[in-house]
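Both ligands and their constituent atoms are indexed starting at 1 by order of listing. Just the heavy atoms: all of them, side chains too, but no hydrogens, waters or symmetry mates, feed the values below. Everything numeric in this text was worked out from a predicted model, so none of it was measured.
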Amino acid sequence: MKSLFVAGNWKSNKTTQEANEWIGALQVTGNMPFGQENVTIVLCVPFTILAVLKWAIETNKLPFHLAAQNVSKFSEGAYTGEVSARQIRELAQWVIIGHSERRKYFGETDEDLALKVEKAKEASLQVIYCVPDEKTSIPKGVDVVAYEPVWAIGTGKTDTPENANAVCGEIKKRIGEVKIIYGGSVTDENVASFVKEPFIDGVLPGGASLDPTKFHRLLLAAYGA
Ligand code: PGA
């Protein structure tokens with residue numbers, strides 16, 4: 001099996017209690033091939049949940065990594081309301097930068113995002129960098145690129161696996177050998193068609209990661225592809 005990267009994006013959902021219930025319900029004990037070297041599963045959760053999930057993952061030895069969904073473009077200091085890369089690194093190994101919802105609702109520009117990548121890398125965070133197409137600029141040093149067409153996010157409409165593969169291939173040609181994943185209405189029913197494609201290294205499900213049963217099914221389908 002080729003290597004597989006699955007990042008579940010909870011967006012602005014769940015309390016700490018609901019996060020613990022999600023972990024409990026997933027029952028990740030030996031009933032799926034978790035923890036393989038070539039499989040990486042990242043839970044991208046709100047800042048308020050990181051500490052709770054870090055504890056649950058370490059205590060129960062679960063093969064999940066954690067990601068924040070945003071990072072300050074500044075270092076620590078007088079930036080009220082911001083969370084710095086160094087603060088995130090205490091709790092998570094990964095961060096999503098450039099999600100289209102950050103670009104759309106919070107006006108984040110390519111310049112802001114490049115600064116965020118710089119801060120993340122200085123703090124040794126690994127970066128999942130989202131782009132809506134093959135033309136958008138991608139800062140140097142990102143670890144995973146997520147191709148997410150805006151019209152496919154949360155709409156139930158996906159890109160075709162063939163076109164998503166072509167876009168991921170274009171991005172690889174442009175920036176070299178980084179992992180490229182597809183996001184936009186990925187579910188347990190369509191995930192296999194994406195990860196079967198040669199240039200698609202994994203997926204970034206949003207809605208389908210919120211329900212532990214659906215996420216479990218999605219992982220099984222991705223493994224089986
Ligand atoms: P969706 O979200 O799977 O709910 O479309 C994907 C994303 O925005 O990362």
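- Contact annotation: the side chain of Asn9 never approaches that of Pro205 to less than 4.5 Å [non-hydrogen atoms, C-beta and beyond].
- Taking the side-chain hydrogen bond (donor to acceptor under 3.5 Å, both in side chains) definition, one finds that Ser72 meets it with Glu82, sequence neighbours left out.
- Within the 4.5 Å cutoff, the side chain of Ile153 has heavy atoms near those of the Glu101 side chain.
- With sequence neighbours excluded, no residue forms a salt bridge (charged side-chain N to carboxylate O under 4.0 Å, His left out) with Arg174.
- Not counting sequence neighbours, the partners of Arg103 by the side-chain hydrogen bond (donor to acceptor under 3.5 Å, both in side chains) test are Asp110.
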Taking a 3.5 Å cut-off between nitrogen or oxygen atoms, can you list every pair linking ligand 1 to the protein, with distances?
{"unit_1": "ligand 1", "atom_1": "2 (O)", "unit_2": "Lys11", "atom_2": "NZ", "d": "3.3"}
{"unit_1": "ligand 1", "atom_1": "3 (O)", "unit_2": "Ser185", "atom_2": "N", "d": "3.4"}
{"unit_1": "ligand 1", "atom_1": "3 (O)", "unit_2": "Gly206", "atom_2": "N", "d": "2.8"}
{"unit_1": "ligand 1", "atom_1": "4 (O)", "unit_2": "Gly207", "atom_2": "N", "d": "2.9"}
{"unit_1": "ligand 1", "atom_1": "5 (O)", "unit_2": "Gly154", "atom_2": "N", "d": "2.6"}
{"unit_1": "ligand 1", "atom_1": "5 (O)", "unit_2": "Ser185", "atom_2": "N", "d": "2.8"}
{"unit_1": "ligand 1", "atom_1": "8 (O)", "unit_2": "Lys11", "atom_2": "NZ", "d": "2.8"}
{"unit_1": "ligand 1", "atom_1": "8 (O)", "unit_2": "His99", "atom_2": "NE2", "d": "2.7"}
{"unit_1": "ligand 1", "atom_1": "9 (O)", "unit_2": "Asn9", "atom_2": "ND2", "d": "3.4"}
{"unit_1": "ligand 1", "atom_1": "9 (O)", "unit_2": "His99", "atom_2": "NE2", "d": "3.2"}
{"unit_1": "ligand 1", "atom_1": "9 (O)", "unit_2": "Glu148", "atom_2": "OE1", "d": "3.4"}
{"unit_1": "ligand 1", "atom_1": "9 (O)", "unit_2": "Glu148", "atom_2": "OE2", "d": "2.8"}

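- Checked against Ile181 for a side chain to side chain contact (heavy atoms under 4.5 Å, CB included), the options Val203, Val6, Val144 give a single hit: Val144.
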